[in-house]
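One structure is given here, and the rest of the page talks about it.
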Amino acid sequence: MNHWLIKSEPNAFSLDDLKRNKREPWDGVRNYQARNFMRDDMRVGDKVFFYHSNCAEPGIVGLAKVASKPYPDPTQFDPDDSHFDPKSRRDNPRWILVDMAYVRTLKRTISLRELKDCPELADFALVRKGNRLSVMPVDKADWDFILGLE
DNA sequence: GCCAACGTTGGC
DNA sequence: GCCAACGTTGGC
């Protein structure tokens, strides 16, 4: 069992959207490191922090879980989609995703500000300067500590 | 809206 | 293979 954090801009796709849809292909990820985590390391049932970025109060707002095995992101083949990738081929897809399923909404947002102020989380990738990864692993110890803040 | 940090692209 | 230019992310 691995633990993860995924970012989403609530203006584009929020935790409430995931709650409404119950389940969602985590499409549009166009970063190789993030792709590799989904393709190689995620397992059905892995627990996931849902993080809101680019908003009034960036932070962890809920829990999700990995709900499928990896498969090709269909948006890469759709010329009308903003994530269309003309260099990707159907017989050798470049972008791989998994489905995410809603688990629950936290009682309160655990803000980035608060996480940055925790010395226990000094090594957590999310709080390190310049971090831009939209899919990242979370140590079990960090996961438990963060949930304990709720 | 600003801008620092980072990843990707492409000329050489 | 280097690296400058460019585009994107995302906090503030």
Side-chain angles (χ1 to χ4, degrees), chain A residues 2-21 24-42 46-67 70-139 141-143 145-150:
Chain A
N2 291 315
H3 297 77
W4 306 95
L5 181 144
I6 57 173
K7 295 179 184 173
S8 189
E9 301 189 16
N11 288 339
F13 190 83
S14 70
L15 181 64
D16 281 344
D17 293 326
L18 184 64
K19 183 178 185 178
R20 190 176 314 113
N21 299 359
E24 185 76 11
W26 206 245
D27 60 22
V29 173
R30 295 294 181 268
N31 171 282
Y32 289 105
Q33 211 179 339
R35 177 206 67 183
N36 293 348
F37 285 135
M38 291 198 286
R39 185 188 64 187
D40 304 334
D41 300 321
M42 284 192 178
D46 279 359
K47 296 175 179 177
V48 181
F49 281 139
F50 197 101
Y51 176 92
H52 279 172
S53 65
N54 244 318
C55 55
E57 190 185 25
I60 297 169
V61 293
L63 305 184
K65 64 183 176 184
V66 176
Y71 63 96
D73 181 341
T75 65
Q76 70 195 299
F77 303 123
D78 179 359
D80 296 327
D81 193 282
S82 62
H83 296 105
F84 177 60
D85 184 348
K87 293 181 182 171
S88 185
R89 303 181 51 85
R90 286 188 182 274
D91 57 6
N92 185 22
R94 176 178 296 188
W95 304 110
I96 303 294
L97 55 69
V98 298
D99 290 351
M100 292 292 174
Y102 177 82
V103 174
R104 71 177 178 91
T105 302
L106 296 187
K107 299 187 199 77
R108 65 181 188 88
T109 298
I110 301 175
S111 70
L112 178 63
R113 175 77 265 157
E114 181 176 355
L115 296 172
K116 279 183 171 175
D117 285 342
C118 292
E120 294 88 345
L121 298 175
D123 291 332
F124 183 30
L126 183 74
V127 304
R128 288 212 293 264
K129 191 166 78 168
N131 157 64
R132 287 170 46 191
L133 252 192
S134 62
V135 175
M136 69 181 73
V138 181
D139 288 347
D142 291 345
W143 175 278
F145 178 83
I146 292 166
L147 267 190
L149 296 173
E150 184 188 11

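Order of the sequence lines sets the chain letters (A, B, ...), proteins ahead of strands, with each chain counted from 1.
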Pair up each side-chain donor or acceptor in residues 49-62 of chain A with any protein partner under 3.5 Å, not counting sequence neighbours, and list the distances.
residue: A:H52; atom: NE2; partner: A:L15; partner atom: N; Å: 3.1
residue: A:N54; atom: ND2; partner: A:E9; partner atom: OE2; Å: 3.2

Report yes if some heavy atom in the side chain of A:D17 is under 4.5 Å from a heavy atom in the side chain of A:E24; otherwise report no.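 Heavy-atom side-chain distance check fails, nothing below 4.5 Å.
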Check nucleotides 7-10 of chain B for protein N or O atoms closer than 3.5 Å to its own N or O atoms and list the pairs.
none

Would you kindly give the [atom1]-to-[atom2] distance between [X] and [N], to the nearest whole Å?
{"X": "A:K129", "N": "B:dA5", "atom1": "NZ", "atom2": "P", "result": "5 Å"}
{"X": "A:E114", "N": "C:dC12", "atom1": "CD", "atom2": "P", "result": "14 Å"}
{"X": "A:N54", "N": "B:dC3", "atom1": "CG", "atom2": "C1'", "result": "13 Å"}

Please tabulate, for the side chains in residues 120-128 of chain A, all donor-acceptor contacts under 3.5 angstrom to protein atoms that are two or more places apart in sequence or on a different chain.
residue: A:R128; atom: NH1; partner: A:D123; partner atom: O; Å: 2.7

Can you check whether A:V48's main-chain N or O pairs, donor with acceptor, with A:D46's side chain at less than 3.5 Å?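 No; judged by distance alone, with no hydrogens or angles, the pair does not exist.
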How about A:Y71 and A:W95: are their ring centres within less than 6.0 Å of each other?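 Between A:W95 and A:Y71, which both carry aromatic rings, the centre distance is not below 6.0 Å.
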